[in-house]
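First comes the structure, then the notes that go with it.
The figures that follow rest on heavy atoms only: side chains count, while hydrogens, waters and symmetry mates do not.
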Amino acid sequence: MELTAGNVWIMFSAALVLLMTPALGLFYGGMTRAKASLNMIMMSFVSAGIVGVVWVLWGYSMTTGKGFLGIFGDPFANFGLARLMGSPDLLKAGFSATFAIITVALISGAIADRAKFTAWALFVPVWITVVYCPLAFMVWGGGLMSAGGAVSSVFGQVIDFAGGTVVEISSGTAALVLVLILGNRHGFGKDPAHRPHNIPFIMLGAGILWFGWFGFNAGAATTVEQAGLIWVNTLAAPAAAMLSWLVVEKVRHGHPTSLGAASGVVAGLVAITPSCANVSPLAAVGLGLVAGAACCVFVDLKYKFGFDDSLDVVGVHLGGGLIGTLALGLIALPADGHGGGLFYGGGLHQLVAQTVAVLITVTLSGLATAVIGLAIHKAVGFRVSHEAEVAGVDRSEHAETAYEFDGLAHSRFNPFGHHAQAHHAAAAPHGQQERVKEDSLA
């Protein structure tokens, strides 16, 4: 069959979403210390490598087809995607893989500076298999929370267009659980060296994330009208969230910051993800204003409650995901004149459905992550030693550094070498001029 404009759009959207994972690496890499930045980027990159293979082998198969009790699909039904050869469904498989990749990569920011790379590499395929794939099947693949599923039949149809539950709440919950398992960094809340080391990296990463998010949200659009609504909402919500975050920063701390602007954008993107196709642009602006202000407050809760969510994954992704998913119970547009959120006269039915979806997601992700994380922690150790953390996980885990200053400090290279040597030769006593000339030739 011919390649249609819709096919091209899915391929382009998949490429946009895949780009979001290295962008996340930049975003996280800038937020951590210089001696842990490569490790953060590597945790995103290796997630793409591992999930890419898992998705082809059994991951995609677990998210589609005939399911087991509405919880997950048969992992062997499309093992290796063999049955999709010659089918346009391969495009869908590729597109959905990029969502799985960035979902697990999001979790890594919560345990920055202190996680063993090998432990993370073990965690990724197990978490994708046990948590992400079942959730994707339940919400999008015909499972419990899909149209006609058991949960939807009892409580009403759950709305999650692009991943408020499957991506954001699941990763945010998992991040919180891993933080509790690994414990806090040494000097958490006290050591000023834990502040972001490269703000331009953060801003660049956030900008590329925003760019890729248009594919993330609009890739599954089926009509031009729906695509237009999603595009505008994906612009409006993060724009409003950035502004409200900066206002709250100014009021609470006295300064609007670049980090706050980048974090506000991400908070707005997280919040609009589940509702991008189901709310009006005006509602998207309101949602963004609420999400930006709320998440700005949420990220400080780690200091109040004493858990070291290193790069604010819990505050932004769990917090923003909860706001965006539950807000649909209030601001969801009616479908064909029926239903909708409370503000559109739809009653509390949608809010109940969204709440049940949140509870299922938090329970599954929380319990499964606890089991996986504790098993890995007991088997191989999830956290690096104190000495490795102080020296920097870039060196201890990868034998690399992001920045090489010693070589520059001791380099013999001088961009003004010939002029400088000539000046020294002229100024030197006659007996030393020959030695200066010999040095210049060397």
Assert yes or no for the condition that the ring centre distance of Phe216 to Phe99 is strictly below 6.0 Å.
yes
Does either side chain, that of Asp394 or that of Thr401, offer a donor lying less than 3.5 Å from an acceptor on the other one?
no
Using side-chain heavy atoms (C-beta onward) and a distance below 4.5 Å, is Leu328 in contact with Pro274?
yes
Carboxylate-amine/guanidinium proximity below 4.0 Å for Lys302 and Asp312
yes
Are the aromatic rings of Tyr303 and Phe188 close, with centres under 6.0 Å apart?
yes
Exceeds 12 heavy-atom contacts within 6.0 angstrom, atom NE2 of His349:
no
Short side-chain to backbone donor-acceptor contact, Glu400 and Arg395, under 3.5 Å:
no
Distance in Å, Leu235 CG paired with Ile230 CD1, rounded so as to fall on 0.5 Å steps
14.0 Å
I'd like to know whether the aromatic ring centres of Trp58 and Phe76 sit less than 6.0 Å apart in this structure.
no
Quick one, Phe45 and Thr21 - any side-chain contact, counting heavy atoms below 4.5 Å?
no
Determine whether the aromatic ring centres of residues Phe117 and His398 are separated by less than 6.0 angstrom.
yes
Leu318 and Phe298, any side-chain heavy atoms less than 4.5 Å apart
no
Please report the closest heavy-atom contact between Trp55 and Ala93, naming both atoms and the distance.
NE1-O, 3.1 Å
Is there a donor-acceptor contact under 3.5 Å linking the side chains of Trp140 and Thr64?
no
Within a 6.0 Å radius of atom CZ on Arg195, are there more than 12 heavy atoms belonging to other residues, nucleotides or ligands?
no
Just checking, any donor-acceptor pair under 3.5 angstrom between side chains of Thr4 and Asn7?
yes
Asp74 bridged to Lys66 by N-O distance under 4.0 Å
no
